Structures are given as structure tokens and as C-alpha cells.
S.K.: 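The structure's right below; bear with me while I get my questions together.
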2 protein chains.
Amino acid sequence: MSHPRAGGAPVTMQDVARAAGVSVMTVSNVVNRRPGVRAETRERVLEAVGRLGYGVNLAARSLRQGRTNLIGLAVPEIDVPYFGLLAGLLVRRAAEHGYEVVVEQTGATREEELAALVSSRVRRYDGLVLSAVQLSDADSDLLHGDMPVVVLGERRYDRPVDHVTMANVEGSRDAVAHLIARGCRRVAVLGVSSTGPVDASSQRTQGYREALTAAGLPLDPALERPAAYTLEGGRQAVHRLLDEGVAVDGVFAHTDLLALGAVRGLADRGLRVPDDVRVVGFDDVPWAAHAVPSLTTVDPGHDEMVEATLRLLLGRIAGRRGRDEHERVVARHRLVERESTA
Amino acid sequence: MSHPRAGGAPVTMQDVARAAGVSVMTVSNVVNRRPGVRAETRERVLEAVGRLGYGVNLAARSLRQGRTNLIGLAVPEIDVPYFGLLAGLLVRRAAEHGYEVVVEQTGATREEELAALVSSRVRRYDGLVLSAVQLSDADSDLLHGDMPVVVLGERRYDRPVDHVTMANVEGSRDAVAHLIARGCRRVAVLGVSSTGPVDASSQRTQGYREALTAAGLPLDPALERPAAYTLEGGRQAVHRLLDEGVAVDGVFAHTDLLALGAVRGLADRGLRVPDDVRVVGFDDVPWAAHAVPSLTTVDPGHDEMVEATLRLLLGRIAGRRGRDEHERVVARHRLVERESTA
DNA sequence: CTGAAAGCGCTAACAC
DNA sequence: GTGTTAGCGCTTTCAG
């Protein structure tokens, strides 16, 4: 059996020290690759480690050091492609810095996002990445606890907090300008919400309006459609739009999911993309490139966002910024032209 | 400021006990909702907890209790829809039992899956869910360490290990039988691999062959195509198939991702689904229902699998099964008929 | 119903 | 180079 003591009491440094005839401190030095241990001693210790199947007790180490090497990632739902993409990138990059990522699902409700912040569960993290959608400015007071927090995407805060976000207005403007350049004159926007003036939804709607205005096209309230940020939401919004007899030759959806749902909804009514209606999304999730037709969309700069998030978070964990010094990073976006607007 | 002592030393039970004029033990009893504390005492303690902003130190609790309430989920890549779905379900269900989930990305290499098992990082989990794709029978020896492990999906093991899997052969047989019932006579299979006799790929290929044979149709090696389990893999496999001039009127893809890639590849060559070619996938990822056309696929019984996984894992954590008692659960599958085979 | 003492396994600080 | 001591914050055990 390759795992001695399996099933018995866990092997401690004490056990290893005894077996190797050294002190626990020497074992600790070897295990942590600290310098200043004679090669021969190291050998003896490592032999004992291997023979006994020793592994550090990370709870003890955490208690002693006051750090866990864990960071939390609070997202609404991990199976939404955008958040899966995010989680994947973050897990990979965090690992490079010796951190692991615990996923919290907030379910996209304000209550649950707050819960993630106050909950004792969160206390075990060295830092928290909060991909917030519903958290309001008022609540960001809560971001001032002891826990280093970086808010990622989807919203700009007036309150001071480390924040990594994307160019929602500019990206949306580019997307809609692209539709117009392709000849669209009746462009609908999907995903309009009324929850507040500073969130991603309003910003993307604003970018939409700016692009229309810049092109000298009129704003038509009938073209500004609310929709849940889901495939089904996009599909149904398009159904309603068409059922009301609104003329449309272009669709800008607030998210790729919505856009793909819109393509579906158009197909349901016998409309072809891009022949009858052109469609643009936002996010550049992996699917966008491979959908039929492939989806033109805005890449908000995922890599840059995740990198910046980690940089800010690790900096704060290391105490490199004061409690009242906050940074905000806006990633560079890019319009990715594909078949849905060909 | 709602978070007193923010920035100062962490608040301990000692602090709370002092502030409330009780012993640490009473604080512990209140915090852990243990019975046998007078209501008035509890009030006093809770008031102090709130005022000081106390939160339990989970490292200390873990050290003392010998448990972390953390379970690890090792998957190849979290941004693959199937694993995102899995993670979402597991996170939700684990939370119901007071557990949190740490995501490990193995990158689908054998080395990394082994690393996840041996690594000291894993020591912090009470248990590990291993969604293995490359781990071989020989390696499953490693599953016999102290860590409770449940292997989820994708592979059947001869070695004893708790294992939750899906009806790969039966599901594939149903999928292909469905194509045949719809009139297909030249059915290709995408995702055939040569890595071994007992993995998901071989099983799904086997189901394919059984269905053809049962229908009295010939097996044609030209119809059995290797393909990476990605969108691009499916797309290219279809391109090669058509470029070789192989006649096809149905496609069974080993995964939905492959199937959606296949739909894309067919569209590239001007073929319509289901009019010219019918397509069936496997997994029933959320996208399958909303793709254009929506995808007929095999739901392998995700919910049942996750539920069983957690049941087995928690049972093992609780020591309810001996080291040599292992369970295997095969979830009930279901063919979901949609537009791609209409 | 409440308190005091012991110790989980580790590492920082200092002694040899 | 290596050992000794102390204590991180909590809960288990046993005493009141």
C-alpha cells in the first residue's frame, strides 16, 4: 500500500521529526523549502515524509500565519458562460500566485451578494472578487470591512472601492455604429432595465443611444426593449418586438446570451441573420465564435480584467494600498466582427 | 462605520467574551447555536458580537475539529459548459449541506489530475470530487489515500472507488436508434478515440455500433471519426468527412459541444440541419435547448449524478462506509428530442 | 446553565 | 545548522 497510515490518525510534523531524528522546526524548514538545512538532513526528512505519507495541515498553517491562500469568487451563477469564462481565467491566474479560488454562487440577488460579504463563510478568504450585478452604491459601504475586495465588471461605483470594469458605453457605441455602418436604420436594443442610472445595462443603452444620435438617427422608445439576461429572455424579447409589428433591421443585445437568444427568436419567426436582421452582442463568450451564424460582439478585454483584478487584490492583501486609496481599471475593449453582421 | 475594528487586529471570541462579561465557552455556544444558553445571556453575547463585528476564525475551528467544510472539485476546465453545469449544481447542493466547493482546474492532463490528488493543496478538503477524463485504472490506486474521493462521470473503473457515472452505451444507442427511426441510413459518429477500452469515448462508440447493428445497418469505418471534444473539433471533423466525399445523412456526436460544432461545419458546407443531415449530441448542456436549430441530445441525468456524488462523498466523509466498500451509481438517462432531428 | 483548562498542528522568534 | 518555546483561536472535556 502506497499510503501508510491511511485511515489512522493523520501524520504530523511531530511524527516526521521523530522518524527522522530531527526537530519539528527542521521538518518545517524542509517542507517549506527554506534555506539553511544541510543536504543530508534534508534527505533524511524527505525520506520520512515520503515513508509516512506526511502532508501539511493547512488549517494549522492558516491559523498560525493568519492567511489562507484562498480567494473567493462571488458570481451570480457559475454556469452562465460569461462567469464560467471568468472563473476559468481567474483560477488559472490565481494558481500562478499560489492562490486557490472558492466559488460562491450569489444567485444574482442583492440579498445573496450581501450575504457573501457578511457571511462567516467569507471570513476564510484572504480576499474576495465580487462580480456584482445587483449591489447598489449604498451597499458598497459594506465593502469596507476587513476583507480585501475587488469588484469586477458590470457596474461603476461612485463609492470608493477597488473596481475593474469594462468600457460599457464605448463598446456599445462601437457595436451599434458598426450596425449602422452595415446599413441598419432600425436598430433595437435588448436588455434595457430601469434599476438605476449607473449600471451596465444603462451604460450599454447609453452607448446605443449615442451611436444612433451620432449617426443622425432618431431614438424610438419602441426599439428599446427590456429583457432578462438569458437566452430565453432574448428570444422572447424578439418575439414580442415582432409581434408588435415594430420594424427592425438590426439588434444590439446587452449580452451574447441575449444576442444568441435573439437569433433564435428571429429564426422562430422566419427571419435570417444577417440577411434580414443583423445582430451584435456583448461579452465575446467562447460560444460567440462558433454559433451559427457566428456572432459579432464586443470583447470587453477579459484577460486584462482578470489580470488587473488579481493585481489589485493581491496588492491590497499585501497591504500595499491604504484603506482609502482605491483604484479603478477600465479594460480596453475591441469589436469582433463576425457573420451575424456580415 | 458599520465595521468596527476594521483595519485593526481581528476580533476574537476572547474579545466578545470580555465585552459581554461571559466566558469564551458561552460565546462559542451562542455562535454555534448550541442549546442550553439562557435567552438573556444569548442577547448580551449577540449584542457584543454585532457591536465588535466578530466573525469566527474558520482556520482555528478547522484545526480544532479536524474538518474544513470544504470539498474540492477537480475538472479539466471550468469554462467548458458541461463542467460549468456540473459545478453550478454541485455548489448549490453542497451549500445545502454546509459545504463549499473549491474548483481545481486540471487542464485535462493526466499529470495535473494526479497532482490534484497528491498535492498538498488538496489536503485542505474534507473530500474531493474528481471529474476525470484521463486518469487510468492504474492511477486509481492513488484514490486510496486518506482523502474521501468520488469519481464523477466519463469513465468506468474496474478498481474499487466510489464512482458516479452515466449510461454511455445505452444513451448512445438510444440516440443513434432515434436517428435511424427518423430515416437516417448513413450515420457518422464524431469523437471516436483510441485511448483505451473503458472510457466514455469507447462506450459511446460502442452504443453507436450496437444501434446500427440492431437495425441491420452495416458498420462503415469511414463513418467513425476522431475529433477533439470541442466546437472546433466537431466543425473540422465534419469538414474532413465531407471533403472526403463520404455520404452522410445523420451525425451522432459524443458531446453537445461536438454536435454544435458539427452543425456549424455542416452550415459551412451549405448543408441544413435537420433537412439534409440530422444531428444528435450527448450531455444536454443548457445551450442545446437554445441553439439554432435546438439540439436533440441525451440528458445523462445531471441532477441525479450530482446528488449521488454528494451522497457518496458525505457518506464517506462521515465514515459510513469502510475502506473497501465502494459504490457505483449509474444515473438514468433520457433522450431529449429537439429540432436537430425533427 | 456556565466556566476553566488543555491542546489541535504549525511557524515566528530566539537560543544554542 | 538545528532546537526550544510560545501561542495563533477555537472547541472538547470535565468541573462547578
Side-chain angles (χ1 to χ4, degrees), chain A residues 5 8-46 48-49 52-70 98 120-126 146, chain B residues 5 8-46 48-49 52-70 98 120-126 146:
Chain A
R5 295 198 64 160
V11 181
T12 73
M13 273 192 179
Q14 282 286 359
D15 300 326
V16 176
R18 224 174 346 250
V22 297
S23 77
V24 282
M25 207 47 230
T26 300
V27 178
S28 176
N29 286 332
V30 170
V31 165
N32 292 286
R33 293 178 176 73
R34 281 190 277 256
V37 179
R38 217 188 326 158
E40 184 215 331
T41 312
R42 181 194 316 285
E43 278 315 310
R44 214 146 26 99
V45 170
L46 287 176
V49 164
L52 300 180
Y54 168 78
V56 282
N57 179 324
L58 293 165
R61 175 181 286 174
S62 290
L63 176 57
R64 184 61 238 242
Q65 298 191 143
R67 319 181 289 107
T68 60
N69 286 325
L70 242 37
S120 77
R121 295 158 54 191
V122 161
R123 295 250 159 58
R124 81 172 90 216
Y125 308 141
D126 290 346
D146 288 336
Chain B
R5 295 197 64 161
V11 182
T12 73
M13 271 190 179
Q14 282 287 357
D15 301 325
V16 176
R18 221 170 355 246
V22 297
S23 77
V24 283
M25 205 45 233
T26 300
V27 177
S28 177
N29 285 332
V30 170
V31 166
N32 291 285
R33 295 180 176 73
R34 280 189 277 257
V37 179
R38 218 187 326 157
E40 184 217 333
T41 313
R42 182 194 314 283
E43 277 317 307
R44 216 151 17 106
V45 170
L46 287 177
V49 164
L52 300 180
Y54 169 77
V56 280
N57 180 321
L58 293 167
R61 175 181 284 174
S62 290
L63 176 56
R64 184 60 235 238
Q65 296 190 145
R67 318 180 293 108
T68 61
N69 285 326
L70 241 38
S120 77
R121 295 159 52 194
V122 162
R123 295 250 158 57
R124 83 172 89 218
Y125 309 140
D126 290 346
D146 287 335

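Side chains are part of it too, since the values below use all heavy atoms of this structure and drop only hydrogens, waters and symmetry mates. In this text, all values refer to a predicted model and were calculated from it rather than measured experimentally.
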S.K.: For C/dG3, does OP1 or OP2 lie under 4.0 Å from any side-chain N or O of B/Thr26?
M.R.: yes
S.K.: Would a 4.5 Å heavy-atom cut-off, applied to side chains only, mark B/Arg61 and B/Asn32 as touching?
M.R.: yes
S.K.: Starting from the 5' end of DNA chain C, give me the residue, B/Leu63 or B/Asn29, whose nearest nucleotide shows up first.
M.R.: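 Going by which nucleotide is closer to the 5' end, it is B/Asn29.
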S.K.: Checking contacts here: which listed nucleotide (D/dT11, C/dA12, C/dG9) is nearest the side-chain heavy atoms of B/Gln65?
M.R.: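 Comparing D/dT11, C/dA12, C/dG9 against the side chain of B/Gln65, the answer is D/dT11.
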S.K.: Which pair of heavy atoms, one from B/Leu46 and one from B/Val30, lies closest together, and at what distance?
M.R.: CD2-CG1, 3.7 Å
S.K.: Can you see if the side chain of B/Ser28 gets near the phosphate of D/dT11 - specifically, an N or O under 4.0 Å from OP1 or OP2?
M.R.: yes
S.K.: Would you mind reading off the distance between B/Arg33 atom CZ and D/dT11 atom P, rounded to a whole angstrom?
M.R.: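 Rounding to the nearest Å, CZ of B/Arg33 and P of D/dT11 are 13 Å apart.
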S.K.: Output the rounded distance in Å from CG (B/Leu52) to C1' (D/dG9).
M.R.: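 For the pair B/Leu52 CG and D/dG9 C1', the rounded distance is 15 Å.
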S.K.: Is a side-chain N or O of B/Arg44 found less than 3.5 angstrom from the main chain of B/Ala20, in a donor-acceptor match?
M.R.: yes
S.K.: Given C/dT11, is OP1 or OP2 found less than 4.0 Å from the side-chain N or O atoms of A/Arg61?
M.R.: yes
S.K.: To the side chain of A/Arg38, which of C/dG3, D/dG1, C/dC10 is closest?
M.R.: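 Out of C/dG3, D/dG1, C/dC10, the nucleotide with an atom closest to A/Arg38's side chain is D/dG1.
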S.K.: CG of B/Leu58 versus P of D/dT11: gap in Å, rounded?
M.R.: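 Value for this atom pair: 9 Å.
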S.K.: Scan A/Asn32 against the nucleic acid and name what it touches under 4.0 Å (heavy atoms): base, sugar-phosphate only, or nothing.
M.R.: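 Sugar-phosphate, backbone atoms only, no base.
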S.K.: Of the listed nucleotides (C/dT2, D/dG9, D/dT12), which one gets closest to any side-chain atom of B/Met25?
M.R.: D/dT12
S.K.: Atom CG of B/Asn57 to atom C1' of D/dG9: distance rounded to whole Å?
M.R.: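 In whole Å, D/dG9 C1' lies 5 Å from B/Asn57 CG.
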S.K.: Just by modelled atom types, is the B/Asn69 backbone N or O under 3.5 Å from a matching donor or acceptor in the B/Asp126 side chain?
M.R.: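 Side chain of B/Asp126 to backbone of B/Asn69: a pair is present.
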S.K.: For A/Ser28 and A/Arg34, run side-chain hydrogen bond (donor to acceptor under 3.5 Å, both in side chains): C-alpha distance rounded to whole Å, both residues' side-chain angles, the deciding distance at 0.1 Å, then the answer.
M.R.: CA-CA 8 Å; A/Ser28 176; A/Arg34 281 190 277 256; 2.6 Å; yes
S.K.: Look at B/Arg64 and D/dT12 and indicate whether a side-chain polar atom (N or O) is within less than 4.0 Å of OP1 or OP2.
M.R.: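 Result: no.
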S.K.: Round to the nearest Å and state the distance from B/Asn69 atom CG to D/dC10 atom P.
M.R.: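 So the two atoms are 15 Å apart, to the nearest Å.
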S.K.: Using whole Å, report how far CD of B/Gln14 lies from P of C/dA4.
M.R.: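 My rounded result for the distance is 10 Å.
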S.K.: Can you tell which of D/dT2, C/dA4, C/dT11 lies closest to the side chain of A/Arg34?
M.R.: C/dT11
S.K.: Among the candidates D/dC10, C/dA4, C/dC10, find the nucleotide nearest to the side-chain atoms of B/Val56.
M.R.: D/dC10
S.K.: Between B/Thr41 and C/dC1, is there a contact of a side-chain N or O with OP1 or OP2 at under 4.0 Å?
M.R.: no
S.K.: Between P on D/dG9 and CZ on B/Arg18, what's the gap in Å once rounded to a whole number?
M.R.: 11 Å
S.K.: What's the CZ-C1' distance between B/Arg42 and C/dT2, to the nearest Å?
M.R.: 13 Å
S.K.: Could you pick out which residue, B/Ala60 or B/Gly36, lies toward the 5' side of DNA chain C when each is mapped onto its nearest nucleotide?
M.R.: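 Whichever sits nearer the 5' end wins; that is B/Gly36.
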S.K.: Are the side chain of B/Thr26 and the backbone N or O of B/Val22 linked by a donor-acceptor pair below 3.5 Å?
M.R.: no
